[in-house]
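The structure under discussion appears below in the form of structure tokens.
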Amino acid sequence: EQAFKKSENPETKLLLGEIHSRLGNRDEAKQHVASYLREAGEAPYGRALLGEQQIRTAEWETGADSYVQALQRDPNGRAERQFKRVVSDLSSVVADGRMPVDFAEQFINRVDYNLASKSDALSQFLARARRALGNGDELQVGQNKQSPIFELLENVDPSESSRGMNLDTG
């Protein structure tokens with residue numbers, strides 16, 4: 001990490017953000033990704049990664065807004081794939097009873113309703129996500145049923161408010 005910190009390449013900050021994200025170090029991940037975005041400009045995948053950290057630390061509205069920004073400027077689909085993985089993780093957490101469905105539904109609705117335009121594939125995915133959440137099912141995306149990131153969620157108290165509900169309880 002020390003070698004990365006000395007690097008002049010902003011991509012190293014994004015990589016550090018991804019590493020800290022996977023390790024569950026949300027504050028560190030946010031710092032690295034925010035630094036990357038300041039240096040590299042508005043990058044959809046970086047903005048999506050920041051949105052992930054925000055929702056996983058109960059910053060639901062800010063996280064949804066970050067995803068909207070990312071998805072509106074996503075030329076190669078990388079931010080969309082990242083968003084779908086996170087929504088899949090959320091559905092698993094809801095299906096396991098570790099988070100109230102309302103939080104996930106409000107997040108998905110905020111992203112959906114604030115996107116100026118979206119592909120048919122993203123519209124279909126959002127509809128599938130709503131159905132899965134409504135039925136208490138897990139939403140599978142790609143080959144990975146669940147990312148290791150949400151495995152850190154073991155003791156979420158559903159009675160906590162949305163502003164204080166920290167999804168990283170590990």
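Reckoned from all heavy atoms, side chains included, excluding hydrogens, waters and symmetry mates. Keep in mind the model is a prediction, meaning the values are calculated, not measured.
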Quiz item: Looking at residues at least two apart in the chain, or sitting in another chain, which of them share a side-chain hydrogen bond (donor to acceptor under 3.5 Å, both in side chains) with Arg131?
Solution: none

Quiz prompt | Whether over 12 other heavy atoms sit under 6.0 Å from Asp120 CG | solution = no

Self-check item: Where Ser21 and Arg26 come nearest, the two heavy atoms and their spacing
Solution: O-NH1, 3.1 Å

Practice problem: Give me the other members of the hydrophobic cluster that Tyr36 sits in, counting Ile, Leu, Val, Met, Phe, Trp and Tyr linked by side-chain heavy atoms under 4.5 Å, directly or via other members. | Solution: Leu14, Val33, Leu37, Tyr45, Leu49, Leu50

Exercise. Could you tell me whether the side chain of Ser66 and the main chain of Ala48 form a donor-acceptor pair under 3.5 Å?
Key: no

Quiz item: Between Asp89 and Arg56, is any pair of side-chain heavy atoms under 4.5 Å apart?
Solution: yes

Practice problem: Give the intermediate values and the outcome of side-chain contact (heavy atoms from CB on, under 4.5 Å) for residues Arg85 and Glu52. | Solution: CA-CA 10 Å; Arg85 181 185 51 80; Glu52 176 183 355; 3.2 Å; yes

Exercise. Decide yes or no on salt bridge (Lys or Arg N to Asp or Glu O under 4.0 Å) for Lys118 and Glu80, but give the supporting numbers first.
Key: CA-CA 10 Å; Lys118 53 192 159 284; Glu80 185 174 322; over 6 Å; no

Practice problem: Please identify each residue that fulfils salt bridge (Lys or Arg N to Asp or Glu O under 4.0 Å) with Asp65, with sequence neighbours left out. | Solution: Arg110

Quiz prompt | Residues which pass side chain to side chain contact (heavy atoms under 4.5 Å, CB included) with Asp137, listed by chain and number, not counting sequence neighbours | solution = Ala132, Asn135

Practice problem: Sequence neighbours left out, what passes salt bridge (Lys or Arg N to Asp or Glu O under 4.0 Å) with Arg81? Give chain and number order. | Solution: none

Quiz item: Has the side chain of Thr57 got a donor or acceptor atom that lies under 3.5 Å from a matching backbone atom of Gln53?
Solution: yes

Exercise. For the residue pair Glu138 and Ser92, confirm or rule out a side-chain donor-acceptor distance under 3.5 Å.
Key: yes

Exercise. Using the test side chain to side chain contact (heavy atoms under 4.5 Å, CB included), find all partners of Val101 that sit at least two apart in sequence or belong to another chain.
Key: Val94, Glu105, Leu133

Quiz item: Closest approach of Pro44 and Pro75, non-hydrogen atoms and distance?
Solution: CG-CD, 4.0 Å

Exercise. Could you tell me how the ring of Phe83 sits relative to the ring of Phe125: parallel (under 30°), tilted (30 to 60°) or perpendicular (over 60°)?
Key: perpendicular

Practice problem: Assign the ring pair Tyr67 / Phe107 to parallel, tilted or perpendicular, where the plane angle (0 to 90°) is split at 30° and 60°. | Solution: perpendicular

Quiz item: Checking Asp74 side chain against Ala79 main chain: does a donor-acceptor pair fall under 3.5 Å?
Solution: yes

Quiz prompt | Check: Ser88 side chain, Lys84 main-chain N or O, donor-acceptor pair, under 3.5 Å | solution = no

